[in-house]
Student: 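Just passing along the structure, written as structure tokens.
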There are 4 protein chains.
Amino acid sequence: MTDRLQEVLTDVDAELRESADWGHVATYIPELARVPLHQLAIAVATADGRLITAGDADTRFSIQSVSKVFALALALGRSGDQLWTRVGREPSGSAFNSIVQLEYERGIPRNPFINAGAIVTTDEILGGRPPREALAELLTFVRTAAGDDAIYINEAVATSEKAHGHRNAALANFLYACGNLKNPPEMTLGTYFHQCAIEMTAKQLALAGRFLIAAPGMPRLVSKARLRRLCAVMLTCGHYDASGDFAFRVGLPGKSGVGGGILAIVPGQASVAVWSPGLNANGNSKLGTEAMERVAARMDWSVF
Amino acid sequence: MTDRLQEVLTDVDAELRESADWGHVATYIPELARVPLHQLAIAVATADGRLITAGDADTRFSIQSVSKVFALALALGRSGDQLWTRVGREPSGSAFNSIVQLEYERGIPRNPFINAGAIVTTDEILGGRPPREALAELLTFVRTAAGDDAIYINEAVATSEKAHGHRNAALANFLYACGNLKNPPEMTLGTYFHQCAIEMTAKQLALAGRFLIAAPGMPRLVSKARLRRLCAVMLTCGHYDASGDFAFRVGLPGKSGVGGGILAIVPGQASVAVWSPGLNANGNSKLGTEAMERVAARMDWSVF
Amino acid sequence: MTDRLQEVLTDVDAELRESADWGHVATYIPELARVPLHQLAIAVATADGRLITAGDADTRFSIQSVSKVFALALALGRSGDQLWTRVGREPSGSAFNSIVQLEYERGIPRNPFINAGAIVTTDEILGGRPPREALAELLTFVRTAAGDDAIYINEAVATSEKAHGHRNAALANFLYACGNLKNPPEMTLGTYFHQCAIEMTAKQLALAGRFLIAAPGMPRLVSKARLRRLCAVMLTCGHYDASGDFAFRVGLPGKSGVGGGILAIVPGQASVAVWSPGLNANGNSKLGTEAMERVAARMDWSVF
Amino acid sequence: MTDRLQEVLTDVDAELRESADWGHVATYIPELARVPLHQLAIAVATADGRLITAGDADTRFSIQSVSKVFALALALGRSGDQLWTRVGREPSGSAFNSIVQLEYERGIPRNPFINAGAIVTTDEILGGRPPREALAELLTFVRTAAGDDAIYINEAVATSEKAHGHRNAALANFLYACGNLKNPPEMTLGTYFHQCAIEMTAKQLALAGRFLIAAPGMPRLVSKARLRRLCAVMLTCGHYDASGDFAFRVGLPGKSGVGGGILAIVPGQASVAVWSPGLNANGNSKLGTEAMERVAARMDWSVF
């Protein structure tokens with residue numbers, strides 16, 4: 001498989017670099033707005049221990065909402081299934097930052113991958129500790145998953161998120177008003193913004209995703225039953241209101257971030273990370289999604 | 001696998017028959033309301049050609065919304081991807097019969113498995129033909145899939161659905177007003193009610209689901225690419241606003257019906273039909289869902 | 001007052017006839033679509049028994065939703081305050097034909113002047129009688145109010161409404177499904193379409209509105225307490241989601257119709273009817289609203 | 001009128017003091033929660049210069065949302081009709097603190113009397129000045145209206161509102177994220193909480209409302225055209241999602257506050273203040289609303 005895989009990645013990278021339209025980088029904070037548009041990375045960590053890449057796979061990027069996968073795994077590890085009393089696991093049918101559903105459903109976010117649900121998840125991880133401790137535990141989780149200690153939080157990004165995070169502040173204050181935050185909104189939000197500001201390369205992200213593969217030799221950070229469930233939530237909720245479309249086109253559980261990264265899992269076989277900072281209309285990486293679709297199709301990867 | 005599978009089905013059937021709570025049968029039409037509650041069937045058609053069952057697997061039941069899987073496959077076969085201009089493929093986050101989303105999104109149903117989307121799908125199949133012809137084609141599709149001609153529409157059920165189908169009539173009239181029905185609402189609705197009134201046994205339903213398995217020797221009614229996509233829509237949208245929960249607990253693409261039937265697919269391996277007429281609060285079969293979860297867990301069946 | 005009033009009406013009529021933009025006639029049925037655009041009528045029936053007019057005050061037009069005022073008065077007369085268990089009296093904040101609120105509030109329309117609430121009101125008037133009888137009673141009410149028997153229903157309009165009334169059919173079926181229609185949807189709808197198809201001239205409409213003036217010598221069709229309440233509902237709900245704007249600009253209780261008519265009441269003083277078939281973006285008569293605003297301002301008419 | 005009025009107030013006060021159910025005081029901040037329940041005040045300032053009262057008319061209470069009337073008058077005086085580009089004037093059909101409509105309508109609150117709209121109004125008054133200055137101007141406005149300088153802000157209430165104001169913080173942050181706050185959310189919110197913490201007696205409130213009467217001899221703080229429009233907004237939007245009911249039952253423009261106060265205007269005749277701290281299910285004063293209804297009915301006061 002390895003040679004074929006390298007060939008596929010090289011081909012897909014080469015094809016997509018010809019694209020006329022690379023989408024638009026996120027502009028809500030200067031740190032993301034100034035990322036050069038024409039970058040593309042694909043990295044695959046396989047169940048047999050290889051790491052195959054193409055393109056800018058050694059360039060760090062802000063993983064943003066992809067961090068929600070790690071945070072959810074960590075929160076479930078800490079709190080078990082009682083987390084599900086604070087957040088649902090149904091697709092929301094709404095945009096990532098919608099507050100409408102919160103009001104109708106009295107402060108219980110639909111799932112842990114929309115912003116409101118991720119804020120609750122971070123609040124669970126925080127659990128009364130100083131943010132520094134909670135973030136240290138999360139970083140340790142991610143570094144262990146990736147087998148690489150050179151993974152950091154970009155403070156400038158975290159600071160900038162906070163300065164422009166009024167919509168998230170609306171969500172956190174609303175959650176608090178509904179009794180679904182345990183820590184003060186500012187503290188949970190500050191932690192959340194730091195979590196989103198984790199930076200990785202595509203290589204590191206592919207490696208960090210291996211714990212979700214469910215194959216021997218992969219890092220065992222959660223039980224097999226739980227990793228399947230994490231994948232289920234990724235498939236149904238991982239791309240906000242384009243989750244159905246990603247499942248339809250790619251057929252793999254995945255999670256995207258506004259920094260242009262996407263992590264997808266081929267159960268039993270591989271962890272796939274793509275990155276291209278230009279976004280499509282849904283706020284997911286334009287060429288990243290395209291790369292994921294082409295790689296999956298040519299490798300015949302699909303959960304179905 | 002076969003012996004182990006038979007053992008699992010027998011065990012699960014025996015265990016669940018001890019249940020204190022069998023849920024409640026649907027009561028909106030007398031034909032469903034009078035179905036005896038304490039019935040349970042499990043049937044599995046495997047990729048290697050076996051049919052394994054437990055319980056009341058030879059009892060006919062009304063497949064209701066499970067018919068939407070066959071109708072969608074048929075509509076895509078007739079019309080191709082242009083069907084997706086009339087109906088989306090995103091989870092709705094709403095109840096099966098919600099009309100709210102239709103108004104906000106101007107008559108384009110979120111997906112083909114909520115009632116509004118299924119009515120549009122049926123309208124596409126109808127395509128100007130007399131309902132009798134469209135229904136004949138649908139029955140032929142189902143019979144071919146099952147390899148069994150003894151599958152029929154229950155006219156009494158269809159008639160009763162019509163007499164009590166005012167909420168569906170609201171949906172159809174709304175769709176028509178939005179320009180998203182090609183046939184008169186009464187005609188499309190009449191066809192839809194007949195489609196929902198198809199009756200099968202669990203055995204027949206498991207056999208009819210084989211075309212979605214993606215394995216050699218299975219009936220080839222749609223291309224492999226398309227059957228994967230059908231499964232993706234089943235996984236993200238197949239259980240209305242409990243789709244995320246079914247994916248989380250069972251981990252298989254599935255479609256439920258208010259008659260108490262559920263069809264789920266284990267890609268490459270099996271088509272699983274369960275039936276028990278008592279429903280849970282979400283309108284899905286109570287013991288059927290439980291049976292599906294237990295069988296999947298013990299057989300280690302999951303797409304993840 | 002009379003001379004001054006005649007002068008004002010003549011002036012306003014003359015000014016508005018210079019308008020470059022007369023709005024657009026309703027096009028959803030041919031009978032309304034073909035009404036010539038450049039028509040304008042103003043008619044005022046005063047508490048001292050005069051009838052002052054300007055423009056096309058003898059031309060018949062379809063009163064459409066203005067009929068909801070008469071229907072509500074009649075329904076309250078027949079059923080008393082128990083009508084309010086079936087329909088609210090709060091502004092809806094939504095378009096006239098919205099179905100969203102119905103679903104969220106389980107089939108109780110917000111008020112009797114949005115379509116859903118008007119259908120319930122008509123259903124109450126119907127009360128098990130043949131539609132012909134109910135419509136006869138309504139016509140008698142209107143004719144008595146106007147003191148003029150030459151007021152009729154336009155059958156062609158009623159028939160055409162039915163042929164294009166799928167959105168109203170959605171509302172009626174939804175109401176029925178929620179248990180808030182007592183008669184079959186088709187019967188209530190048929191009656192509703194006939195009610196909306198009543199035709200009057202602006203003169204007749206101004207006269208028919210006198211029973212709401214609350215002054216001696218006016219037709220006494222409802223108690224003073226009730227006519228005040230009718231006016232309250234007109235002020236808060238009479239112009240759908242532009243009710244606040246009409247109250248703000250005109251300051252009088254009023255009810256508009258898609259045929260271009262508006263009836264407004266100056267408590268203790270006058271009943272004002274305007275008509276111009278071109279509508280603004282909110283579906284209210286463009287020049288009619290403008291005429292109402294100018295006449296009220298110059299006559300210093302306001303409830304505030 | 002005066003003798004009759006005194007008699008009515010005395011009677012209504014006496015009758016209502018027999019009530020078995022006084023409602024429940026607001027509990028979201030301790031300062032309101034500890035207000036003794038069994039208090040009732042009625043005060044009427046008439047166009048002929050009298051001030052008639054009954055009950056606890058010299059007891060100070062927190063006017064809370066009644067302050068929105070004064071803030072709106074002041075904001076319109078400062079900014080004119082361009083305020084209406086930032087906030088609508090339609091009834092919302094929603095609860096006072098709903099955020100749903102804000103998301104659907106992109107940060108433009110429906111009207112200045114729901115919380116979101118009042119925050120925008122306060123933000124307009126603030127206009128870049130230090131909060132102290134804006135609050136001083138507002139206090140001056142209220143004192144001038146009342147002809148009484150002994151009107152103050154209760155700092156303890158303002159501080160407590162801030163400590164428990166997460167839902168309002170959600171609204172303010174959402175508005176800011178939509179570009180509809182000119183000042184930092186914390187600054188506008190702080191000003192808003194102080195505005196709501198103004199305290200008055202029923203006597204002072206009745207006097208402060210005289211500028212809305214539109215009669216000679218009343219304080220002329222806004223033009224007649226504008227005070228009519230203020231009354232229109234009070235009538236259609238003054239009681240949140242019970243505005244229609246207040247118009248229906250009382251027939252006067254009014255504005256309620258969660259402290260149990262209500263201000264209503266009888267155009268040309270009187271300004272009526274009632275206060276009783278127990279609230280009904282809608283969050284309006286239970287006995288206050290009842291008192292308003294009885295006084296209006298017996299005095300034959302209604303705008304209709």
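Each chain gets a letter, A, B and so on, in the order the sequences are listed, and its residues count up from 1.
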Student: Roughly how far, to the nearest 0.5 Å, is CD of B/E90 from SG of B/C237?
Tutor: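 It comes to 7.0 Å.
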
Student: How many angstroms lie between CZ in B/F174 and CD in B/E103, if you round to the nearest 0.5 Å?
Tutor: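 Result: 4.5 Å between the selected atoms.
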
Student: Which bit of B/R228 comes within less than 4.5 Å of chain A, counting heavy atoms only: side chain, backbone, both or neither?
Tutor: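 Both backbone and side chain.
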
Student: Considering only NZ, NE, NH1 and NH2 on the basic side and carboxylate oxygens on the acidic side, decide whether A/R110 and A/E105 come within less than 4.0 Å.
Tutor: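 A/E105 and A/R110: salt-bridged.
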
Student: Mind checking which of residues 215-224 of chain A sit less than 4.5 Å from chain B, heavy atom to heavy atom?
Tutor: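 If one takes a 4.5 Å heavy-atom cut-off, the residues of residues 215-224 of chain A near chain B are A/K224.
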
Student: If you count heavy-atom pairs within less than 4.5 Å of chain A, which of B/P253, B/A247, B/S302 leads?
Tutor: B/S302

Student: Just give me the residue among A/S243, A/S92, A/G88, A/A214 that pairs up with chain B most often, heavy atom to heavy atom, under 4.5 Å.
Tutor: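 With the most close heavy-atom pairs to chain B, the winner is A/S243.
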
Student: Counting heavy-atom pairs closer than 4.5 Å to chain A, which one of B/W84, B/F246, B/F304 comes out on top?
Tutor: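 That would be B/F304.
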
Student: What option among A/G251, A/A232, A/A225 has the most heavy-atom pairs under 4.5 Å with chain B?
Tutor: A/A232

Student: If we define contacts as heavy-atom pairs under 4.5 Å, which of A/A297, A/P267, A/G268 has the most with chain B?
Tutor: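 Looking at each of A/A297, A/P267, A/G268 in turn, A/P267 comes out on top.
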
Student: Relative to chain B, which segment of A/D241 carries a heavy atom at a distance below 4.5 Å: side chain, backbone, both, or neither?
Tutor: backbone

Student: Quick check: does any side chain N or O of A/S271 sit under 3.5 Å from a backbone N or O of A/A206, one acting as donor and the other as acceptor?
Tutor: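 Yes; at least one donor-acceptor contact below 3.5 Å.
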
Student: Testing the 3.5 Å rule here: is there a donor-acceptor pair between the side chains of B/N284 and B/K255?
Tutor: no

Student: Strictly by modelled atom types, are B/D21 and B/S19 linked by a side-chain donor-acceptor pair under 3.5 Å?
Tutor: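 B/D21 vs B/S19: no donor-acceptor pair found between side chains.
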
Student: Check the side chains of A/N111 and A/K68 for a donor-acceptor pair under 3.5 angstrom, ignoring hydrogens and angles.
Tutor: no

Student: Would you mind telling me which of A/K286, A/R249, A/R298 makes a salt bridge (Lys or Arg N to Asp or Glu O under 4.0 Å) with A/E293?
Tutor: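 Among A/K286, A/R249, A/R298, the one that satisfies the salt bridge (Lys or Arg N to Asp or Glu O under 4.0 Å) with A/E293 is A/R249.
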
Student: Charged N to carboxylate O below 4.0 Å: is that the case for B/D11 and B/R294?
Tutor: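 Judged by the 4.0 Å cut-off on N to carboxylate O distance, B/D11 and B/R294 do not form a salt bridge.
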
Student: Checking heavy atoms, do the side chain of A/R89, its backbone, both or neither come under 4.5 Å from chain B?
Tutor: both

Student: Rounded to the nearest 0.5 Å, what separation is found between the OG atom of B/S65 and the CG atom of B/L263?
Tutor: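 The OG atom of B/S65 sits 12.5 Å away from the CG atom of B/L263.
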
